[in-house]
Amino acid sequence: MTGILGGFGGQLGKSLADKWLGLLALPGALFLAVVAAAYALGQSHALDVPRLVRQVTGWAHAPVVGTVGGQVVLLLAALAMSVVVGLVARVLGSAIERVVLAAGWHSWPRLARAFARRGTEARRKRWDEAHRDYSARWAEAAQAMALDRELDPEARHAALRARTSIAVERPDRPTWSGDRINGVAVRLERDHSLDLALVWPYLWLLLPEQERTEITAARTGMTRAAELGAWAVLFAPVIYLWWPAAIVVVVLGIVARGRTRTATDTYARLVEAAVRLYARDLAQRLGIECDGALPADAGNRFDELLNSAPPPEIS
């Protein structure tokens with residue numbers, strides 16, 4: 001028994017150590033290395049590599065580094081600082097993700113809420129214009145089909161891309177990613193009167209392992225993209241010491257934005273696909289008669305069966 005537990009514990013400890021090293025320590029150590037280089041070079045010698053080599057060599061020959069005890073303390077301090085920086089990045093990434101998804105922007109502080117409202121209204125106005133253009137192109141295509149006349153679909157496809165670049169559905173949040181997630185709930189409500197927030201926990205328990213793995217991976221990708229944006233924020237103050245850090249900030253910001261949109265779109269597609277594919281199975285498990293496709297009023301039956309009764313009145 002001891003041997004089995006010991007082997008399991010050793011494997012678990014190795015797994016946790018690898019995860020800790022990859023997610024926290026290594027990115028934090030890279031950040032500290034850049035900060036050290038920025039401190040050593042400054043603005044006037046930003047690209048002076050020989051100067052950096054001389055400075056690092058000087059640090060390596062410091063008396064405190066010459067002893068084993070000093071090396072151990074220095075290594076532990078570097079590891080601790082790397083982990084702390086990594087934890088800060090994760091917390092900041094979580095905050096960035098909340099802002100990007102903007103699920104509860106109506107409850108933000110007054111100034112942020114006003115800014116989000118203006119952004120949402122501006123996006124909604126742009127989307128309405130793009131939707132009118134797409135609707136006109138769609139009507140032209142329908143008329144051409146009725147008259148058995150060929151019509152180049154490129155204009156209609158371009159109008160659809162222009163509308164989708166703003167939002168898939170009519171904007172209700174100040175960000176593209178937030179509306180991409182909300183668009184799934186909007187479409188399911190429109191097509192099946194289905195409350196995604198109510199049904200999703202029950203549906204998740206019925207999904208096969210492969211589907212849950214894919215959805216979890218997509219959701220993790222959103223978190224990682226937000227953390228990449230957090231590193232861009234953390235590198236921003238380094239610009240004060242070393243101007244090349246601005247390049248790092250811009251590159252990280254661009255990559256984080258692209259990855260956030262890609263991961264969010266993938267996650268939204270997978271969630272919607274899972275609901276449309278397996279909502280019928282959930283209906284059958286709940287005793288809802290469902291012959292063939294999911295009926296348009298399926299959401300109403302889900303509401304009746306899954307919603308809790310209101311609390312009793314207090315006499």
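Please read these numbers as outputs of a predicted model, since none were measured by experiment. Quick note: residue numbers are just sequence positions, from 1.
Under 4.0 Å is where a charged nitrogen must lie from a carboxylate oxygen, and between Arg118 and Glu121 no such pair does. The existence of a salt bridge linking Arg170 and Asp179 is excluded, since no basic side-chain nitrogen approaches an acidic carboxylate oxygen closer than 4.0 Å. Under 4.0 Å is where a charged nitrogen must lie from a carboxylate oxygen, and between Arg156 and Glu140 no such pair does. The pair Arg285-Asp281 does not meet the salt-bridge criterion, since no charged nitrogen lies less than 4.0 angstrom from a carboxylate oxygen. Ion pairing of Glu129 with Arg163 is absent here, as no side-chain N (NZ or NE/NH1/NH2) approaches a carboxylate O to less than 4.0 Å. Between Arg269 and Asp265 there is a salt bridge, since at least one side-chain N of the basic residue sits less than 4.0 Å from a carboxylate O of the acidic one.
In this pair, Trp231 and Phe31 present their aromatic rings tilted. The plane angle is within the 30 to 60° band.
The closest side-chain heavy-atom distance from Val168 to Arg187 is below 4.5 Å. Phe302 has its side chain out of reach of Ser193: every pair of non-hydrogen atoms, C-beta onward, lies at least 4.5 Å apart.
A donor-acceptor pair is defined here as one N or O able to donate and one able to accept, closer than 3.5 Å; such a pair exists between the side chain of Ser165 and the backbone of Ala162. Looking at Trp176, its side chain does come within 3.5 Å of a backbone N or O of Thr164 through a donor-acceptor pair. A donor-acceptor pair under 3.5 Å links the side-chain atoms of Arg123 to the main chain of Ile166, judged by distance alone. Within the 3.5 Å criterion, the main-chain N or O of Val100 finds a donor-acceptor partner in the side chain of Thr175.
A search for salt bridge (charged side-chain N to carboxylate O under 4.0 Å, His left out) contacts involving Arg219 returns Glu97, not counting sequence neighbours. Residues that satisfy the ring pair (Phe, Tyr, Trp, His ring centres under 6.0 Å) test with Trp127, not counting sequence neighbours, are His131.
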(request) Let me see the working for Glu154 and Arg137 under salt bridge (charged side-chain N to carboxylate O under 4.0 Å, His left out), right down to the final yes or no. (result) CA-CA 10 Å; Glu154 180 56 32; Arg137 301 291 183 182; over 6 Å; no
(request) Check step by step if side-chain hydrogen bond (donor to acceptor under 3.5 Å, both in side chains) holds for Gln43 and Tyr240. (result) CA-CA 8 Å; Gln43 301 288 9; Tyr240 178 77; over 6 Å; no
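Minimum interatomic distance between Ala263 and Gly221 (heavy atoms only, all atoms of both residues): CB-C, 3.7 Å. Contact record, Ala225 with Ala256: O-CB, 3.7 Å, taken as the closest heavy-atom pair.
Residue pairs meeting the ring pair (Phe, Tyr, Trp, His ring centres under 6.0 Å) criterion with at least one member in residues 177-221, sequence neighbours excluded: Trp200-Trp204.
A single hydrophobic cluster is not seen to contain both Val186 and Tyr134; linkage of ILVMFWY side chains at heavy-atom distances under 4.5 Å, directly or through other members, places them apart.
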